[in-house]
**Q** 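One structure, as structure tokens, below. Some questions next.
Only heavy atoms go into these numbers, but all of them, side chains included; no hydrogens, no water, no symmetry mates. Each ligand, and each atom within it, is numbered from 1 in the order the structure gives.
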Amino acid sequence: MDKSRELFAQAQKLMPGGVNSPVRAFRSVGGTAVYPKKGLGAHFVDEDGREFLDYCMSWGPLILGHAHPGVIERVREAAGSGLSFGMPCRGEIELSQRVLDDLPDDYRVRFVSSGTEAVMTAIRLARGVTQRPVVAKFTGCYHGHADFLLVQAGSGLATFGTASSAGVPESMVQDMLVLRLDDMEAAEAALRKVGERLAAVVIEAIPANNGLLVQKPEFLAMLRKVTQDLGAMIVSDEVLTGYRVGEPHISLRNGLFPDLITLGKVVGGGMPVGAVVGPAKTMNSLAPDGPVYQAGTLSGNPIGMAAGAATLDIFRGTNGQEILESRGQQLQAGFDEIVGRLSLPARMQRAGSIFWIALECTELPRCAEAIAASSMEKYRTIHRKMLDEGIYFAPSGYEVGFLSTAHTAEDVARTLCALDGALRAAWA
Ligand code: PMP
């Protein structure tokens with residue numbers, strides 16, 4: 001604990017909040033950020049030599065666990081030949097082929113360096129192709145930190161947005177419509193009212209950045225129907241869900257049938273990679289073939305491409321989806337048993353290898369507004385107790401947890417044992 005504390009104190013003098021991404025500062029759970037020193041499979045050891053079982057997995061990318069030898073070997077090999085050239089490289093072709101293998105034949109891919117850039121690019125493309133300005137998004141969905149996506153609902157239901165961060169002028173969000181998840185009638189009416197000014201609806205394929213808010217299929221089907229009627233596009237943000245929920249792209253099956261898909265996290269295997277995929281007729285509007293500009297100094301760099309390709313190869317070659325589903329089911333069944341036995345108002349929501357613990361509720365919430373703010377107090381206790389047991393859950397009750405293929409049945413059993421105690425403590 002001493003070294004982590006020391007490092008965190010030092011970091012606060014060097015970086016705002018001591019971090020390079022806000023949730024890492026542990027503000028919503030309290031205490032000191034943990035400083036990892038070495039990752040191995042489902043575990044990491046921190047600077048103080050404490051071992052943790054990790055359910056953060058770098059917020060999703062590490063689908064094979066930390067430092068998978070097969071991934072590290074391919075990254076080492078690539079790094080030995082040069083980190084970046086700013087030229088096309090073989091690695092881009094290799095990762096493109098793997099990504100496009102799971103998609104319809106006419107699809108193309110553009111690699112970028114983060115999920116934020118992927119969504120930013122997809123939306124610019126949708127606006128460029130449709131030549132329309134308005135984009136609709138949903139409260140509780142996160143799509144990265146591009147200015148116009150840092151927007152929240154204005155007053156009243158389904159309104160044009162107001163900026164949710166200082167430094168974002170209202171002019172940046174004036175063409176952003178903010179809707180509520182799970183509210184069929186309000187969303188449909190608001191979209192139809194925008195009519196032919198609507199370029200796109202952007203939605204997480206399964207909203208997973210403010211709890212895990214699995215939508216009813218009818219809601220997604222309504223979005224598809226309305227956008228089709230209006231000649232607008234759907235951008236399905238699969239940065240978080242991609243490859244993680246039983247198949248590579250859930251939005252091709254859950255009723256969204258998007259026009260563009262954004263990827264990140266797993267596709268880069270732990271390196272900074274994002275991607276936009278879609279049919280050639282749309283993708284070819286990107287520069288240099290088309291008028292929609294997009295570029296990147298480090299886009300498609302050999303290291304990111306190697307990490308992504310190695311991760312996808314190993315995941316596929318080792319029945320990754322089945323392992324994840326089996327661990328996910330074990331975690332879910334064990335959790336359900338505990339809350340049933342203890343009669344606690346808590347539920348686990350799960351989509352493949354992604355899980356979220358909903359507290360102070362008997363029914364799973366389907367929109368951000370339905371999450372009880374009081375549940376975050378309970379989460380603080382759970383988080384602290386789990387950490388004491390050497391189990392690292394996300395340092396915020398709104399964040400989901402991630403399994404990897406390195407998590408064993410024994411790891412999950414140990415987690416359930418600790419959760420039993422942590423849940424009891426939260427309601428003690
Ligand atoms: N979209 C979704 C659905 C995400 O979950 C995230 C990150 N959590 C992003 C976009 C942004 O990705 P990045 O942090 O790589 O910019």
**Q** In terms of side-chain geometry, is the basic nitrogen of K137 or D237 positioned less than 4.0 Å from the acidic oxygen of its partner?
**A**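 A salt bridge is absent here (no side-chain N lies under 4.0 Å from a carboxylate O).
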**Q** Any pair with a residue in residues 108-117 that passes side chain to side chain donor-acceptor pair (under 3.5 Å), sequence neighbours left out, goes on the list, sorted by first then second residue, please.
**A**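 Counting only pairs at least two positions apart or across chains, the side chain to side chain donor-acceptor pair (under 3.5 Å) contacts touching residues 108-117 are R110-Q294.
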**Q** Counting only N and O atoms by type, is there a donor-acceptor contact under 3.5 Å from the side chain of R124 to the main-chain atoms of Y293?
**A**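 Yes, R124 side chain to Y293 backbone: donor-acceptor pair under 3.5 Å.
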**Q** At a 4.0 angstrom heavy-atom cut-off, what protein residues surround ligand 1?
**A**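 Contacting ligand 1 under 4.0 Å are S114, G115, T116, Y142, H143, G144, E204, N209, D237, V239, L240, K265.
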**Q** Taking only Lys NZ, Arg NE, NH1 and NH2, and the carboxylate oxygens of Asp or Glu, determine whether D183 and R366 approach each other closer than 4.0 Å.
**A**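 Looking at D183 and R366, the cut-off is not met.
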**Q** Tell me whether E218 at atom CD has more than 12 heavy atoms from other residues, nucleotides or ligands lying less than 6.0 Å away.
**A**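 Yes.
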**Q** Should the pair R197 and F160 be classed as cation-pi, given the thresholds of under 6.0 Å to the six-membered ring centre and 45° from the axis?
**A**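 R197 over F160 ring: no.
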